[in-house]
Protein chains: 2
Amino acid sequence: MLRLSRLTDYAVVALVRLGRSDGVATTPGIAAAIGIPEPTVAKVLKALTCAGLVLSTRGAHGGYRLSRPLAGISIAEVIVAIDGPIALTSCVDGAVGCESQSLCPMAGRWDPVNSAIRDALTNITLADMEDAAIPRAFRVAAPVPVNEEI
Amino acid sequence: MLRLSRLTDYAVVALVRLGRSDGVATTPGIAAAIGIPEPTVAKVLKALTCAGLVLSTRGAHGGYRLSRPLAGISIAEVIVAIDGPIALTSCVDGAVGCESQSLCPMAGRWDPVNSAIRDALTNITLADMEDAAIPRAFRVAAPVPVNEEI
DNA sequence: CCGATTGTGGACTAAGTTGGTCCTGATTGC
DNA sequence: GCAATCAGGACCAACTTAGTCCACAATCGG
Ligand code: SF4
Ligand code: SF4
């Protein structure tokens, strides 16, 4: 169904949550807040740390915090961090790809589609999603600043 | 990796191929042309017929043909026909969705993303992809109208 | 210096989804 | 009647993903 992996979904939720809490947040804290089993959310956070989207502090009173404000993180980045590069089909650049690559007339020609999706996802930041996550009643009156984008 | 199912990929390839041949095309013919096992391509064609994207003729000398020109079919339609509706996450409208839907602050707030992707995919027709499928040597000299690239 | 707290990294297993195959009809033309 | 061709399932195997667990390293507080 062209849906992204559940872990990526969790990553977005966790990041938005991290954006709300101003200090550091611990794994169990986040897990409890969003209702996702703790080991799983830990796994996601680890991946996000590798990607540089969050910073971690070890030891007692440690935890995670965002490396950038939410407005500076696009969904595309999160997806790439968890799921790997965005490529709709197996036949991209030099990768192994599918076995019928030699006969297939479309081999390597999906680039327009890939770019379109990549653009669409790059233009949406987590801050945009957070806005959408505010109950509708608030969104009208809220004096949201300009928040965008790259 | 946010990739669409292989069957959907096949469907696009098969449709473009169908657009090339002006008469009807049979399952084995298409299968041979694009290097995909015949039973599988048959399965895809059946689904496309249900969706109304291709018309079928039974009996001897039967086969498939497009119901519309390639320029009138968007990728989004093909994806919906094979993979079902485009929804990045499980929490859309009233569907069952994920179990942590009650706690999750993002529940049902993915609409901006969904719409963005849907728009991006609706604006690309199979004809666009066919253009891209022309060998590069031709694309330069060809009097193609606009055709954006990379 | 010690122990509690918290992240790091990887291995492992179970479940779910998808891809692919096959078979039994129904329909059409020769 | 017979061959070609689509229709509609059932079915199984393989792969991918999600989720869990454990041993270890770092940091802090006392
Ligand atoms: S080579 Fe053809 S069948 Fe294979 S992934 Fe690319 S477009 Fe799809
Ligand atoms: S409810 Fe939250 S965790 Fe569940 S699918 Fe929706 S956004 Fe993801």
Side-chain angles (χ1 to χ4, degrees), chain A residues 1-11 13-14 18 21 23-32 34-65 67 79 82-84 87-90 96-100, chain B residues 1-11 13-14 18 23-32 34-65 67 79 82-84 87-90 96 98-100:
Chain A
M1 298 187 188
L2 188 59
R3 60 181 35 172
L4 38 77
S5 77
R6 202 177 300 194
L7 289 195
T8 309
D9 176 12
Y10 293 163
V13 179
L18 261 183
S21 63
V24 296
T26 71
T27 304
I30 299 178
I34 61 185
I36 293 169
E38 186 190 320
T40 301
V41 77
K43 189 182 203 174
V44 169
L45 266 317
K46 277 184 256 183
L48 290 177
T49 306
C50 281
L53 290 178
V54 302
L55 302 175
S56 64
T57 317
R58 284 189 172 191
H61 299 151
Y64 294 97
R65 87 202 110 94
S67 69
I79 297 179
I82 305 282
D83 261 355
L88 260 13
T89 61
S90 324
V96 277
C98 85
E99 55 213 19
S100 54
Chain B
M1 297 187 189
L2 187 59
R3 59 182 36 175
L4 39 78
S5 77
R6 204 178 296 195
L7 289 196
T8 308
D9 176 9
Y10 294 164
V13 179
L18 260 182
V24 296
T26 71
T27 303
I30 299 178
I34 62 185
I36 294 168
E38 186 190 319
T40 302
V41 77
K43 189 181 203 173
V44 170
L45 267 316
K46 276 184 257 185
L48 291 176
T49 307
C50 281
L53 290 178
V54 302
L55 302 175
S56 64
T57 317
R58 283 189 171 192
H61 298 148
Y64 294 97
R65 89 202 109 94
S67 70
I79 296 178
I82 305 282
D83 261 354
L88 260 15
T89 60
S90 324
V96 276
C98 85
E99 57 214 17
S100 53

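Numbered from 1 within each chain, the chains take letters A, B, ... in sequence-line order. The shown structure was predicted, so the numbers you read here are calculated from the model rather than taken from an experiment.
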Side chains of B/Ile30 and B/Ile36: closer than 4.5 Å at any heavy-atom pair? no

B/Leu4 CG to C/dT17 C1', in whole Å, measures 16 Å

query = With sugar-phosphate meaning primed atoms plus P, OP1 and OP2, does A/Leu7 contact a base, only sugar-phosphate, or nothing at under 4.0 Å between heavy atoms?
reply = sugar-phosphate

Correct closest heavy-atom pair for B/Val41 and B/Ala31 would be CG1-CB, 3.6 Å

Closest of D/dT5, C/dG20, C/dT18 to the B/Thr40 side chain is C/dG20

Review point. Should B/Tyr10 be listed as having a side-chain N or O under 4.0 Å from OP1 or OP2 of C/dG20?
Key: yes

field: N or O in side chain of A/Ser56 less than 4.0 angstrom from C/dT8 OP1/OP2
entry: yes

In whole angstroms, the gap separating C1' of D/dT16 from CG of A/Asp83 amounts to 11 Å

Atom CG of A/Leu55 and atom P of C/dT8 are separated, to the nearest Å, by 10 Å

Per atom distances to the B/His61 side chain, the nearest of D/dT20, C/dG29, C/dT21 is C/dG29

Quick note, A/Ala60 side chain, CB onward, closest among C/dT21, D/dT27, C/dG7 is D/dT27

Item to complete: For the residue pair B/Asp83 and B/Thr8, confirm or rule out a side-chain donor-acceptor distance under 3.5 Å.
Response: yes

To the nearest angstrom, the CG-C1' distance between A/Leu2 and C/dT18 comes to 15 Å

Test side chain to side chain contact (heavy atoms under 4.5 Å, CB included), reference B/Tyr64, set B/Thr27, B/Leu55, B/Leu53, B/Val24, output is B/Thr27

note: A/Arg58, atom CZ; D/dG29, atom P; distance rounded to Å ~ 17 Å

Ranking D/dA7, D/dT20, D/dG19 by distance to the side chain of A/Arg6, first place goes to D/dG19

Are the side chains of A/Arg3 and A/Asp9 in touch, meaning some heavy atoms are under 4.5 Å apart? no

Rounded to whole Å, the OH-P distance (A/Tyr64 to C/dT5) equals 17 Å

Between CD of B/Glu38 and P of D/dC6 the distance, given in whole Å, is 9 Å

*Determine whether any donor atom in the side chain of A/Lys43 lies under 3.5 Å from an acceptor atom in the base of D/dG19, or the reverse, and answer yes or no.*
yes

From NZ of B/Lys46 across to P of C/dC22 the rounded distance in Å is 13 Å

Under 4.0 Å between a side-chain N or O of A/Thr27 and OP1 or OP2 of C/dG7? yes

The nucleotide from D/dA18, C/dT21, C/dT8 with an atom nearest the side chain of A/Thr49 is C/dT8

* To do: Report yes if a side-chain nitrogen or oxygen of A/Thr57 is closer than 4.0 Å to either non-bridging phosphate oxygen (OP1 or OP2) of C/dG7; otherwise report no.
  => no

> Would you say B/Arg3 reaches D/dT16's phosphate, i.e. side-chain N/O to OP1/OP2 under 4.0 Å?
Replying inline: no

